[in-house]
Amino acid sequence: MTEKTSEIIKSIRPILQEYGKSIKLVDLNNQGVVLIKLEGESKNCPESIATLKLRIENLLFKEVDGIKQVIGI
């Protein structure tokens with residue numbers, strides 16, 4: 001689960017970097033909770049929550065079995 005999640009985060013990163021943003025996988029626990037950190041312009045951007053919930057979370061739910069929650073820190 002961790003390897004697949006990491007691969008997805010890596011695939012998202014270049015797209016976000018085009019907009020001055022980035023993403024980092026901080027942790028993935030055994031309960032399926034993913035902690036990610038939005039970096040760059042993302043950390044102060046009102047659209048960060050929407051990006052996290054609508055895109056990243058949905059993609060991880062779809063692609064990685066066992067993911068229960070994605071939390072931005």
Side-chain angles (χ1 to χ4, degrees):
M1 185 167 48
T2 302
E3 185 175 326
K4 180 70 174 173
T5 302
S6 182
E7 288 174 15
I8 291 171
I9 297 296
K10 286 179 186 177
S11 74
I12 295 169
R13 192 174 294 124
I15 298 165
L16 293 175
Q17 287 174 336
E18 291 180 19
Y19 299 97
K21 304 173 182 184
S22 190
I23 187 172
K24 178 181 177 182
L25 176 62
V26 176
D27 191 30
L28 171 58
N29 68 26
N30 292 336
Q31 290 78 36
V33 178
V34 179
L35 298 179
I36 60 172
K37 182 175 182 181
L38 297 173
E39 299 176 325
E41 294 178 18
S42 292
K43 62 184 174 186
N44 296 319
C45 178
E47 295 178 5
S48 296
I49 301 294
T51 298
L52 174 66
K53 289 293 181 186
L54 297 175
R55 298 198 176 162
I56 299 167
E57 185 176 71
N58 287 338
L59 181 60
L60 289 172
F61 285 167
K62 179 181 174 184
E63 298 292 328
V64 184
D65 290 335
I67 299 295
K68 305 289 185 222
Q69 185 177 15
V70 178
I71 301 172
I73 59 168

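Nothing here was measured: the structure is a model prediction, and the numbers come from that model. Both backbone and side-chain heavy atoms feed into the values below; hydrogens, waters and symmetry mates do not.
One distance of note links OG1 of Thr2 with CG of Asn30; it measures 8.0 Å at 0.5 Å rounding.
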Can you give each donor-acceptor pair under 3.5 Å made by side-chain atoms of residues 3-11, sequence neighbours left out, with the distance rounded to 0.1 Å?
| residue | atom | partner | partner atom | Å |
| --- | --- | --- | --- | --- |
| Thr5 | OG1 | Met1 | O | 2.8 |
| Ser11 | OG | Ile8 | O | 2.7 |

Review item, side-chain donor-acceptor pairs of residues 65-73, under 3.5 Å, at least two apart:
none

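Leu59 approaches Ile12 most closely through the heavy-atom pair CD2-CD1, 3.8 Å.
Side-chain atoms of Arg13 come within 3.5 Å of backbone N or O of Ile23 as a donor-acceptor pair.
Transitive grouping of hydrophobic side chains (ILVMFWY, heavy atoms separated by less than 4.5 Å) keeps Leu16 and Leu35 in distinct clusters.
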Could you go through Val64 and Val34, starting from their C-alpha distance and side-chain angles, then the distance that decides it, and tell me whether this counts as side chain to side chain contact (heavy atoms under 4.5 Å, CB included)?
CA-CA 11 Å; Val64 184; Val34 179; over 6 Å; no

